[in-house]
Amino acid sequence: MIIVIKPNTSPEGIEEVIAEVSKLGYEPRPIFGTEQTVVAAIGDERTHRNLDSLTVLTQVQEVLRVQKRYTLVSRESHPADTIINVDGLKVGGPHFAVMAGPCSVESEEQLLTTARAVKAAGATILRGGAYKPRTSPYEFQGLGKEGLRLLEAAKKETGLKIVTEVLSERDVEHVAASADILQIGARNAQNFQLIIEAARSGKPILLKRGFSQKIEEWLLSAEYILAYGNPNVMLCERGIRTFETFTRNTLDLAAVAVAKMESHLPVIVDPSQGCGKASLVSALCRGAAAMNADGLIIEVHPNPAEAMSDGQQQVDFAAFDKLMASLPPFLTLTGKTL
Ligand code: PEP
Ligand code: MN
């Protein structure tokens, strides 16, 4: 870290800062300039104490961080793309994954017809919420354990892998028993106790970005999972809150590019929560594929008008077929295959 000292500080004032830096476990190296002095603090910022507290000294102007706060998720620590094994299916590197299915699991017929349709169109992973994080307590909260049972039945019939959200620490064990990928939702993107418990299950994790989460914070949420011994993380950009209200969220494709540059983890794009409008989903899928995302998670419903959650953003089977057929040229651009 670099501690910038205010101009006209006395030599004693500078000495005081140097002494504090050593006391906190860093090796201080003062650099005396013509106008100002800075003290370089040599030591690993990630394992030593943070020096931000030095700004309480009146002679300190600012404390600058040099190292990134994340290590295990960074490309520097692992230059090659991580490829995750989801019950035998590879995700990441050249392997593009399409996860598709309803927002919520509603019934056996709804889930099975959707599973068959998305599989026929080329999806390899079935999505569907059994536990739903709804804004209002009066809205459909999901089928819970019955929903998990239906997801297992759909996997048995179609061979599709299963991704489903886990909402609370107490559900991790039984959701992990049914799912191939645990989804941590945007509302829980910084629920660190849940994230740690999910990491400990050993299952691959799809980590959504919180709707007000900075990219660095999103990567630090992923860092928790790796720090707790689970390297199988997929980052998922699902839109953030902005001033724009035409779309439900603003899908931040720049964040996808940043995440691909900063991290070796696969990056999945969720255009459905990302824009909130079925008519925009297809274009966003092609955009994500063209910019080297590692996969998509798309909401598909047999009859979106009757969906019990997120009907406005779910595409029907015909629209899903059409969007899947439009993807290959965009995947060719990045050397990925379905
Ligand atoms: C969902 O996938 O249906 C969902 C609730 O996602 P998010 O956590 O991104 O809002
Ligand atoms: Mn949804």
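One-based numbering along the sequence shown. Remember, it's 1-based here, ligands and their atoms both numbered in the order they're listed.
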J.: Any idea how many protein N, O or S atoms are nearer than 2.8 Å to the Mn ion (ligand 2)?
T.: 3
J.: How about N50 and R65: do any of their side-chain heavy atoms sit closer than 4.5 Å?
T.: yes
J.: Classify the angle between the aromatic ring planes of Y26 and H48 as parallel (below 30°), tilted (30 to 60°) or perpendicular (above 60°).
T.: tilted
J.: For salt bridge (Lys or Arg N to Asp or Glu O under 4.0 Å), just list the numbers for E262 and K68, CA-CA rounded to whole Å, side-chain angles, deciding distance to a tenth of an Å, and then say yes or no.
T.: CA-CA 10 Å; E262 282 294 298; K68 287 175 180 155; 3.2 Å; yes
J.: Heavy atoms only: give me the nearest A121-M324 pair and the separation to one decimal.
T.: O-CE, 3.4 Å
J.: Side chains of Q313 and S272: any donor to acceptor distance under 3.5 Å?
T.: no
J.: For F96 and G295, work out which heavy atoms get closest and say how close.
T.: CE1-N, 3.4 Å
J.: Enumerate the pairs of nitrogen or oxygen atoms, one from ligand 1 and one from the protein, separated by less than 3.5 angstrom; state names and distance to 0.1 Å.
T.:
from     : atom 1 : to   : atom 2 : distance (Å)
ligand 1 : 2 (O)  : R127 : NH1    : 2.8
ligand 1 : 2 (O)  : R127 : NH2    : 3.3
ligand 1 : 2 (O)  : Q183 : NE2    : 3.1
ligand 1 : 2 (O)  : K208 : NZ     : 3.1
ligand 1 : 2 (O)  : Q273 : NE2    : 3.2
ligand 1 : 3 (O)  : R127 : NH2    : 3.0
ligand 1 : 3 (O)  : K132 : NZ     : 3.0
ligand 1 : 3 (O)  : Q273 : NE2    : 3.4
ligand 1 : 3 (O)  : E299 : OE2    : 3.2
ligand 1 : 6 (O)  : K208 : NZ     : 3.0
ligand 1 : 8 (O)  : A186 : N      : 2.7
ligand 1 : 9 (O)  : K208 : NZ     : 2.9
ligand 1 : 9 (O)  : R238 : NE     : 2.6
ligand 1 : 10 (O) : R187 : NH1    : 2.9
ligand 1 : 10 (O) : R238 : NH2    : 2.8

J.: Does a donor on one side chain sit under 3.5 Å from an acceptor on the other, for Q193 and E169?
T.: no
J.: Please give me the minimum heavy-atom distance between A259 and W218, naming the atom from each residue.
T.: CB-CZ3, 4.0 Å
J.: In a check of side-chain contact (heavy atoms from CB on, under 4.5 Å) between I225 and each of I184, L265, V73, I205, which one passes?
T.: I205
